[in-house]
Number of protein chains: 2
Amino acid sequence: MASISKRPTMIDVARRAGVSSMTVSRALKPNTSVSDGTRERIQKAADELGYVLDSTAAGLSSSRTGFIAVTIPSINNANFADTLRGIVERLRDTNMQVLLGYTNYSTAEEERLIEQFLQRRPEAIVMTGGAHTERCRMLIENSGVPIVETWDLPEVPLGDVVGFSNAEAGRLMVRHFYDQGYRKIGFIGGDTSRDTRGLDRRRGFVQALEELGLETDRLIGSGPPPISMREGAASMKKMLSDWPDTDAVMCVSDLSAFGALTECQRAGMRVPDDIAIAGFGAYDIAEHAIPAITTVDAAALSIGENTAEILLRRLGDADEETPAPSTLIAPKLLARGSTVRPL
Amino acid sequence: MASISKRPTMIDVARRAGVSSMTVSRALKPNTSVSDGTRERIQKAADELGYVLDSTAAGLSSSRTGFIAVTIPSINNANFADTLRGIVERLRDTNMQVLLGYTNYSTAEEERLIEQFLQRRPEAIVMTGGAHTERCRMLIENSGVPIVETWDLPEVPLGDVVGFSNAEAGRLMVRHFYDQGYRKIGFIGGDTSRDTRGLDRRRGFVQALEELGLETDRLIGSGPPPISMREGAASMKKMLSDWPDTDAVMCVSDLSAFGALTECQRAGMRVPDDIAIAGFGAYDIAEHAIPAITTVDAAALSIGENTAEILLRRLGDADEETPAPSTLIAPKLLARGSTVRPL
DNA sequence: ACCGCGTTTGTTATCGATAACAAACTTTTT
DNA sequence: AAAAAGTTTGTTATCGATAACAAACGCGGT
């Protein structure tokens with residue numbers, strides 16, 4: 001054990017193996033021309049010294065840091081966690097490492113993070129959503145780093161997009177309610193500009209109501225994200241007090257939908273007989289609640305996997321200027337007991 | 001705009017401001033002796049060029065990378081997410097950045113991550129739990145990097161510990177059940193060595209049962225983590241079939257407890273009248289379920305905050321050899337409707 | 001005006017690896 | 001056996017910043 005004196009460098013390994021440090025550098029990475037004999041010798045020397053590569057130095061020298069910067073709005077959100085998981089798992093077998101930051105649904109915080117991340121010279125950046133501060137857009141464009149925006153359909157994309165139409169998710173749900181015979185339909189959440197995705201769902205929702213000639217004023221905001229069970233319950237209470245004859249409600253997420261469901265149950269209303277409730281996000285809770293809650297699956301994991309796919313293509317030096325192969329993930333409605341009246 | 005030609009370096013900024021690059025280096029960090037005039041001039045030049053510091057180079061030169069490596073078992077777990085949040089938020093105003101990895105409850109994967117992280121020269125490492133592979137312990141010890149282990153009480157700590165007694169959480173719950181008059185008490189989950197924390201809760205639970213002279217064989221395993229609602233429901237089904245007279249059950253987490261609760265409700269059993277159900281982790285779902293689920297709060301956020309506190313102390317060059325100021329977070333039982341019979 | 005001290009700025013060497021090119025060594029071909 | 005071609009190894013310069021030391025500057029006191 002070389003004790004904590006000082007960490008060994010490639011030169012130390014080289015000396016011990018009787019070669020030059022360049023040969024050590026080569027020997028430690030795959031697909032390089034080093035004879036089996038010396039490679040073994042070097043590996044052995046490295047092990048004996050307890051050598052650990054310094055990727056800071058490697059990064060400086062090769063100008064390839066192996067970092068992918070990723071921002072998500074919140075750690076504590078199963079959808080974004082799944083997207084992240086999709087990215088990380090696809091990247092596991094490469095030498096890429098994820099630099100994670102969470103914005104807390106704030107574009108100002110996002111800007112701060114991006115600014116920090118750019119100092120680390122990431123090879124690509126993945127952002128959730130397409131809403132950014134002006135300065136953030138500028139920083140990114142000046143940096144020349146490839147970008148992927150996810151979970152949204154930005155009007156003016158910064159680069160590639162793995163998109164999802166939140167508006168379409170809202171529309172889907174209105175049609176489902178309508179098919180099931182509901183007419184007095186409301187929406188909970190999605191009132192804040194911080195959660196642009198929730199806002200889009202609500203927008204699509206209202207638009208679909210208009211197309212069907214239904215009332216569009218049963219809207220309850222529930223403040224800044226994250227919207228949780230508590231806010232769902234409180235909002236439902238308000239909905240029932242403001243519009244007691246409401247017969248169907250979509251919530252901005254499954255968590256708030258569950259809160260709304262429990263509120264109805266406490267109030268003695270029967271779901272779906274007296275009122276239908278739906279959410280968004282295909283959370284576990286929606287599947288296991290009684291009744292199970294109708295929801296929209298956004299395929300969060302696929303969004304992550306597709307994102308990673310694009311990253312690998314961009315980094316695997318294909319033509320730099322390949323046009324953005326935007327991917328669109330389609331929303332899928334999962335009809336369940338909370339909106340489907342038994343025969 | 002300097003287009004994508006090449007990124008400007010400190011030398012470019014220095015030239016433009018008519019100073020040396022060393023002065024630029026100083027001007028861009030706080031608390032350095034640079035006159036107000038030149039600092040402004042340099043800042044202006046940097047802005048005009050769109051200069052962005054390269055922390056890879058800075059790290060190599062100063063041997064301070066600003067990285068804190070953190071491993072957690074799963075991204076999709078509100079408790080670990082809270083702990084992470086505690087760390088990140090306390091670190092926000094420093095120049096420290098978190099390198100996150102998740103082990104998927106596997107010590108082999110943990111070892112792989114640690115090996116990767118060490119190449120990045122982190123200034124400290126935070127790990128969840130105290131179970132590591134032999135090689136992982138060795139790598140860490142050889143590296144000389146300060147360590148904090150969390151959420152566990154390792155027998156042989158690698159460094160500082162922000163601990164939590166999972167066994168005590170199990171014991172607490174048994175006593176609570178007993179006080180409420182329950183005697184036929186079982187446990188769901190915690191059978192796998194991958195989730196050492198769940199295992200510890202179960203161990204403490206069984207031990208407390210023994211001390212009270214109660215039966216200790218009502219144990220249902222539920223396979224490898226993460227244990228979710230589905231597994232909770234399935235295990236409860238098995239529990240009721242194997243030991244139909246069971247009158248109280250603790251589940252390894254609130255998620256499985258909720259699954260168990262729904263299973264009981266489907267089976268027409270009344271909670272807590274026919275059977276009591278409790279969980280662990282103080283998840284939202286436990287608070288909002290009907291009835292609300294009794295749980296144990298592990299103060300996940302505090303664990304993170306305390307961890308960050310220790311990190312800052314260790315890095316703020318206090319005496320290197322300060323003895324490990326182990327912190328112990330106490331479990332707190334939250335008694336709710338699922339285990340407390342109405343009068 | 002001169003000395004001395006504190007503050008501001010500059011010089012040089014270095015962090016640890018890799019790119020690019022060059023040299024030495026093997027193997028194949030004719 | 002010599003030339004051609006391929007493989008393995010070495011040399012030198014460099015990535016972009018900072019540490020450590022050195023020099024220049026500014027300012028008050030006498």
Side-chain angles (χ1 to χ4, degrees), chain A residues 2 5-43 45-46 49-67 95 118-123 143 317, chain B residues 2 5-43 45-46 49-67 95 118-123 143 317:
Chain A
S5 55
K6 224 184 59 185
R7 257 189 264 267
T9 73
M10 270 193 182
I11 295 183
D12 299 317
V13 177
R15 234 191 307 267
R16 180 173 253 258
V19 294
S20 76
S21 69
M22 194 61 228
T23 304
V24 174
S25 174
R26 283 189 275 249
L28 297 181
K29 25 186 96 2
N31 308 326
T32 44
S33 62
V34 175
S35 75
D36 295 352
T38 40
R39 176 166 264 136
E40 266 172 44
R41 205 147 33 89
I42 289 171
Q43 189 60 60
L49 288 173
Y51 171 74
V52 176
L53 177 76
D54 184 333
S55 25
T56 302
L60 177 59
S61 177
S62 66
S63 51
R64 302 214 51 209
T65 57
F67 280 130
N95 337 339
L118 283 175
Q119 302 193 344
R120 300 285 183 185
R121 299 289 186 265
E123 303 189 28
S143 75
D317 54 7
Chain B
S5 55
K6 223 183 61 185
R7 257 189 265 267
T9 73
M10 271 194 181
I11 296 184
D12 299 317
V13 177
R15 233 191 307 268
R16 180 172 253 258
V19 295
S20 77
S21 70
M22 194 60 229
T23 303
V24 175
S25 173
R26 282 189 277 250
L28 297 182
K29 22 186 100 356
N31 309 326
T32 44
S33 62
V34 176
S35 74
D36 295 352
T38 38
R39 177 166 265 138
E40 267 172 43
R41 204 147 34 89
I42 289 171
Q43 189 60 60
L49 289 173
Y51 172 73
V52 176
L53 177 76
D54 184 333
S55 26
T56 303
L60 176 60
S61 178
S62 67
S63 51
R64 303 213 50 206
T65 57
F67 281 129
N95 338 338
L118 283 175
Q119 303 193 343
R120 299 284 182 186
R121 299 289 185 265
E123 302 189 29
S143 75
D317 53 9

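Numbers restart at 1 for each chain; the letters A, B, ... are given by sequence-line order, proteins then strands.
Taking atom CD of A:Q119 as the reference point, atom C1' of D:dG16 lies 13 Å away to the nearest angstrom. At whole-Å resolution of the value, CZ in A:R15 and P in D:dT9 are 19 Å apart. Atom P of nucleotide C:dT18 and atom CZ of A:R64 are separated by 12 Å, given to the nearest angstrom. Regarding A:D54, its CG atom lies at a distance of 18 Å from the P atom of C:dT14, rounded to whole Å. As rounded to whole Å, 16 Å separates atom C1' of D:dT8 from atom CG of A:N31. Following rounding to the nearest Å, A:M22 (CE) and C:dG16 (C1') show an atom-to-atom distance of 12 Å. Put simply, CZ on A:R121 is 9 Å from C1' on D:dG16, counting in whole angstrom units. In this structure, CG of A:N95 is placed 16 Å from P of C:dA17, rounded to the nearest angstrom.
Within the nucleic acid shown, A:M10 comes within 4.0 Å of sugar-phosphate atoms alone, with no base atom in reach, counting heavy atoms only. Contacts of B:L53 with the nucleic acid, taken as non-hydrogen atoms under 4.0 Å apart, involve only primed sugar atoms and P, OP1 or OP2. Residue-level contact check: B:S20 touches the bases, meaning some heavy atom is under 4.0 Å from a base atom.
Checking the phosphate oxygens (OP1, OP2) of C:dA17, no side-chain nitrogen or oxygen of A:K29 falls inside 4.0 Å. A:S33 has no side-chain polar atom (N or O) that falls below the 4.0 Å cut-off from OP1 or OP2 of D:dT9. For D:dG10, the OP1/OP2 oxygens have a side-chain nitrogen or oxygen of A:T23 closer than 4.0 Å. Neither OP1 nor OP2 of D:dG16 sits under 4.0 Å from any side-chain N or O of B:Y51. Using a 4.0 Å cut-off, some side-chain N or O of A:T38 falls inside it from OP1 or OP2 of D:dT9.
Contact detail for B:D12 and B:P8: the closest heavy-atom pair is OD2-CA, 3.2 Å. Contact between A:T32 and A:A27 at its shortest, heavy atoms only, is OG1-N, 4.5 Å. For the pair B:A46 and B:V13, the tightest heavy-atom approach, listed with the atom from each and the gap, is N-CG1, 4.0 Å. Shown here for A:R121 and B:V52, the closest heavy-atom pair between the two residues is NH2-O, 2.9 Å.
Take the nearest nucleotide of DNA chain D for B:S61 and for A:V34: the residue whose nucleotide is more 5' is A:V34. Nearest-nucleotide mapping onto DNA chain D: of B:L60 and A:R41, the residue sitting toward the 5' end is A:R41.
Side-chain proximity of B:A57 to the nucleotides C:dG16, D:dA17, D:dT18 is greatest for D:dA17. Set against D:dA17, C:dT18, C:dT9, the side chain of A:S62 has C:dT18 as its closest nucleotide. Looking at the side chain of B:S35, the nearest of the listed nucleotides D:dT9, C:dG10, C:dT8 is C:dT8.
Between the side chain of A:S61 and the backbone N or O of A:A58 there is no donor-acceptor pair closer than 3.5 Å.
With hydrogens and angles ignored, a donor-acceptor pair closer than 3.5 Å exists between the side chain of A:R26 and the base of D:dG10.
Remark: B:R64 CZ is loosely packed, at most 12 non-hydrogen atoms of other residues, nucleotides or ligands lying under 6.0 Å away.
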